[in-house]
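Owing to the predicted nature of the structure, the values given are computational and were not obtained by experimental measurement. So that the names make sense, note that chain A is the first sequence line, chain B the second, and so on, each numbered from 1.
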Amino acid sequence: MSQYNFAAKEEMAHPCISSKNVYDLLAKIPLGKVSTYGDIAKALGHPGASRAIGRIIANNPNPIVVPCHRVVKSSGEIGGFMYGEDKKKEMLEKEGIEIENRAVKNFKEFRFVFE
DNA sequence: GCCATGGCTAGTA
DNA sequence: GCCATGGCTAGTA
């Protein structure tokens, strides 16, 4: 039992929105694209829960695997990140996304839409 | 009562 | 810039 049990934590955590669903959606965002907190909320049938989505992503159990850096604000501003906005910016740029003073440039063309 | 948001107003230039 | 939204956490009883 040395390993922290994320599954148990996730089962308890969110009465309305399943964090597993959130992470499943994150996994669909292709490299070189971004989505928004609001879009994820809508895709899960909870428009208006964008801020809650932010909170769920904020305790991302596995930052190495789950690409939470690909989620930005609906305004195109890059938004928060556990290792700081500069790190998020750096990672996005490495994936080919241009950023101009803390916002995605040509946001529309980089924005990924869920089916 | 916080917040990794978002959308809508006021009010400046 | 204000405030509604929704899930969470600290800290009181």
Side-chain angles (χ1 to χ4, degrees):
Chain A
M1 204 41 161
S2 57
Q3 197 173 17
Y4 190 85
N5 191 342
F6 291 117
K9 183 185 177 187
E10 289 181 15
E11 264 180 62
M12 329 248 320
H14 315 293
C16 206
I17 298 172
S18 155
S19 56
K20 178 175 188 307
N21 292 341
V22 175
Y23 299 132
D24 285 349
L25 283 183
L26 291 191
K28 290 186 182 168
I29 307 170
L31 190 150
K33 293 274 188 178
V34 294
S35 185
T36 72
Y37 301 97
D39 284 352
I40 291 171
K42 283 179 212 151
L44 293 175
H46 294 265
S50 55
R51 195 148 190 184
I53 298 296
R55 289 203 52 77
I56 290 168
I57 296 176
N59 44 45
N60 182 350
N62 197 342
I64 307 298
V65 174
V66 181
C68 52
H69 62 284
R70 297 189 192 138
V71 185
V72 301
K73 295 211 203 179
S74 63
S75 60
E77 295 166 287
I78 65 179
F81 196 57
M82 86 191 311
Y83 302 119
E85 289 190 34
D86 289 340
K87 189 68 182 174
K88 187 169 181 175
K89 171 176 182 263
E90 188 182 302
M91 292 176 75
L92 288 171
E93 283 174 336
K94 202 167 291 184
E95 297 186 352
I97 291 172
E98 290 182 81
I99 293 172
E100 197 170 54
N101 52 43
R102 281 191 143 43
V104 175
K105 209 173 163 185
N106 301 127
F107 180 43
K108 277 181 70 176
E109 73 178 88
F110 290 113
R111 187 172 187 167
F112 175 72
V113 293
F114 297 103
E115 328 176 8

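In this entry the distance linking CD of E77(A) with P of dG6(B) reads 10 Å, nearest Å. At whole-Å resolution of the value, CD1 in I56(A) and C1' in dA4(B) are 12 Å apart. Counting to the nearest Å, the P atom of dG6(C) and the CG atom of L44(A) are 13 Å from each other. If you take CG of D39(A) and P of dA4(B), they are 19 Å apart, rounded to a whole angstrom. A straight line from CD1 of I29(A) to P of dA4(B) spans 18 Å, rounded to a whole angstrom. R51(A) has its CZ atom 11 Å from the C1' atom of dG1(B), to the nearest Å. Rounded to whole angstrom, the span from the CZ atom of R55(A) across to the P atom of dG6(B) amounts to 15 Å. The distance from atom NZ of K73(A) to atom P of dG1(C) is 13 Å, rounded to the nearest whole Å.
At the phosphate of dG7(B), OP1 or OP2 sits under 4.0 Å from a side-chain N or O atom of S74(A).
For K89(A) (side chain) and R102(A) (main-chain N/O), no donor-acceptor pair under 3.5 Å exists by modelled atom type.
For K42(A), taking side-chain heavy atoms from C-beta onward, the closest of the listed nucleotides dG7(B), dG7(C), dG6(B) is dG7(B).
Using a cutoff of 4.0 Å between basic side-chain nitrogens and carboxylate oxygens, E90(A) and K87(A) are scored as salt-bridged. Classification of K28(A) and D24(A) as a salt-bridged pair fails, no side-chain N sitting under 4.0 Å from a carboxylate O.
When heavy atoms are screened at a 4.0 angstrom cut-off, A49(A) is found touching the sugar-phosphate backbone but no base atom. The residue G38(A) sits close only to the backbone: its heavy atoms come under 4.0 Å of sugar-phosphate atoms, none of a base.
Partner assigned to dA10(B) is none, using Watson-Crick or G-U wobble distances below 3.5 angstrom. Base pairing analysis places dT5(C) opposite nothing; no Watson-Crick or G-U wobble pair with both distances below 3.5 Å involves it.
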What's the verdict on side chain to side chain contact (heavy atoms under 4.5 Å, CB included) for V66(A) and I57(A), showing C-alpha distance, side-chain angles and the deciding distance? CA-CA 9 Å; V66(A) 181; I57(A) 296 176; over 6 Å; no

Dump the intermediate steps for side chain to side chain contact (heavy atoms under 4.5 Å, CB included) on I78(A) and H69(A), then the final yes or no. CA-CA 9 Å; I78(A) 65 179; H69(A) 62 284; over 6 Å; no

